[in-house]
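Encoded as structure tokens, the structure appears first; notes follow it.
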2 protein chains.
Amino acid sequence: MTSTGTGTRWLTAGQQRVWRTFLLGSTRLLDRLERELRERHGLSLPEYEILVRLSESAGRQLRMAELAASVSHSRSRVTHTVTRLEAAGLVRRTVCPTDRRGVVAELTDEGYIRLVEAAPTHVDGVRGHLVDLVDADDFEAVGRVFAAAAQQLDPGCAAALPRITRE
Amino acid sequence: MTSTGTGTRWLTAGQQRVWRTFLLGSTRLLDRLERELRERHGLSLPEYEILVRLSESAGRQLRMAELAASVSHSRSRVTHTVTRLEAAGLVRRTVCPTDRRGVVAELTDEGYIRLVEAAPTHVDGVRGHLVDLVDADDFEAVGRVFAAAAQQLDPGCAAALPRITRE
DNA sequence: CGTCAGCAGTTGAACACTCAACCAATCAAG
DNA sequence: CTTGATTGGTTGAGTGTTCAACTGCTGACG
């Protein structure tokens with residue numbers, strides 16, 4: 001696709017190169033991280049992310065909706081993911097005491113252990129395949145760029161966004 | 001996950017923030033681009049990408065393996081995607097004349113038309129949800145970062161990588 | 001309080017992706 | 001030539017994701 005008579009503002013050659021490089025690189029990266037987690041710990045990346053959020057919450061538990069918002073997945077998707085994790089004994093469901101519609105997902109001890117085992121694999125991957133490869137300032141720029149996108153797209157509200165301010 | 005006694009080099013708080021912002025932002029972004037393409041043109045993002053590669057190739061055709069490499073998807077995945085596109089009449093398969101094992105996928109006229117229709121939607125999305133939101137230098141940095149990752153991860157070879165050289 | 005709109009979460013069917021097994025053509029070696 | 005290893009691509013089963021329909025609870029308003 002290059003310029004035609006229509007009103008569309010196409011990407012410049014440079015922008016297009018960046019965009020495609022991003023698509024390619026992130027595809028490969030996510031693919032690899034997923035593969036490493038799955039082979040060594042039997043977890044998918046989304047599953048891992050869920051466990052992380054739970055582990056960081058007070059009481060290691062979170063309402064389904066908050067969980068969904070924090071990873072920006074659909075509720076339905078989180079339901080399915082949690083169902084799998086529950087079947088694996090890594091998470092437990094409870095009815096929310098303050099709202100009987102609600103469900104809170106809680107990390108089990110076994111889930112916590114699995115997470116602790118898996119974390120080094122994941123972190124090593126993120127470092128080895130990304131962070132340690134690049135200039136620190138460039139990496140910071142990535143943060144600013146995707147913060148902007150995340151915020152502009154925010155499905156519902158910007159709540160879940162880790163604040164990126166220059167302190 | 002924060003520092004423990006083990007040898008793992010954890011991410012700094014800042015690095016972690018960037019990494020999570022990237023995950024969140026790219027999830028939302030890809031999600032949105034996919035949704036826009038699908039609603040308005042009945043195409044998924046991977047399907048769209050395939051059509052783009054074909055449209056840019058000599059004769060609007062490409063061997064399956066090259067197609068797979070160019071988008072960094074598994075061969076199997078490309079087989080399935082092309083099967084769908086073929087069923088939709090957007091792509092046609094032919095046996096490769098020079099290697100009877102080979103299959104070349106060719107963009108049909110209808111496929112080309114659909115692509116031309118869809119392209120503005122996609123480009124507007126990439127601009128509106130990303131490029132136009134951010135500092136040009138930051139965006140360039142994104143290119144460098146993911147080029148590094150893509151190259152380090154390259155499944156097979158770096159061939160498909162759009163060259164990012166400062167001219 | 002009773003009704004009703006809207007929210008929390010689940011369900012199941014349709015669809016996409018992965019993985020390993022597979023077939024067929026090629027190529028290199030004897 | 002024949003054999004065997006390799007490459008190009010497909011297949012189908014298993015798994016994950018999406019989408020729309022659905023249940024049950026809550027909370028606002030009359």
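So that the names make sense, note that chain A is the first sequence line, chain B the second, and so on, each numbered from 1.
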Closer than 4.0 angstrom, basic N to acidic O: yes or no for [X] and [Y]?
X      : Y      : value
A:R35  : A:E39  : no
A:E86  : A:R93  : yes
A:R20  : B:E56  : yes
A:R60  : A:E106 : no
A:D132 : B:R9   : yes

Parallel, tilted or perpendicular: ring planes of A:W19 versus B:H122, cut at 30 and 60 degrees: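 Correct class here is tilted.
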Side chain proximity check, A:M64 to A:V104, heavy atoms < 4.5 angstrom: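 Not touching, per the 4.5 Å side-chain cut-off.
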Minimum heavy-atom distance between B:F22 and A:V142, given as atom pair plus value: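 Shortest heavy-atom separation between B:F22 and A:V142 comes out as CB-CG1, 4.4 Å.
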Covered region of DNA chain C, 5' end to 3' end, by chain A [heavy atoms, under 4.0 Å]: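 Taking any atom under 4.0 Å from a heavy atom of chain A, the span is C:dG6 to C:dC19.
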Give every pair of a protein N or O atom and an N or O atom of nucleotides 5-7 of chain D that lie under 3.5 Å apart, one pair per line with the distance.
{"residue": "D:dT7", "atom": "O2", "partner": "B:R101", "partner atom": "NH1", "Å": "2.8"}

Spacing of B:E66 atom CD relative to D:dG9 atom C1', expressed in whole Å: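 It works out to 14 Å between those atoms.
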Under 3.5 Å side-chain donor-acceptor pair for A:T121 and A:H41: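 Short answer, yes.
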Heavy-atom protein contacts under 4.0 Å, nucleotides 14-21 of chain D, coded B base, S sugar-phosphate only, - none: --SSBB--
Enclosure of B:R100 CZ (heavy-atom neighbours >12, cutoff 6.0 Å):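 12 or below, so no.
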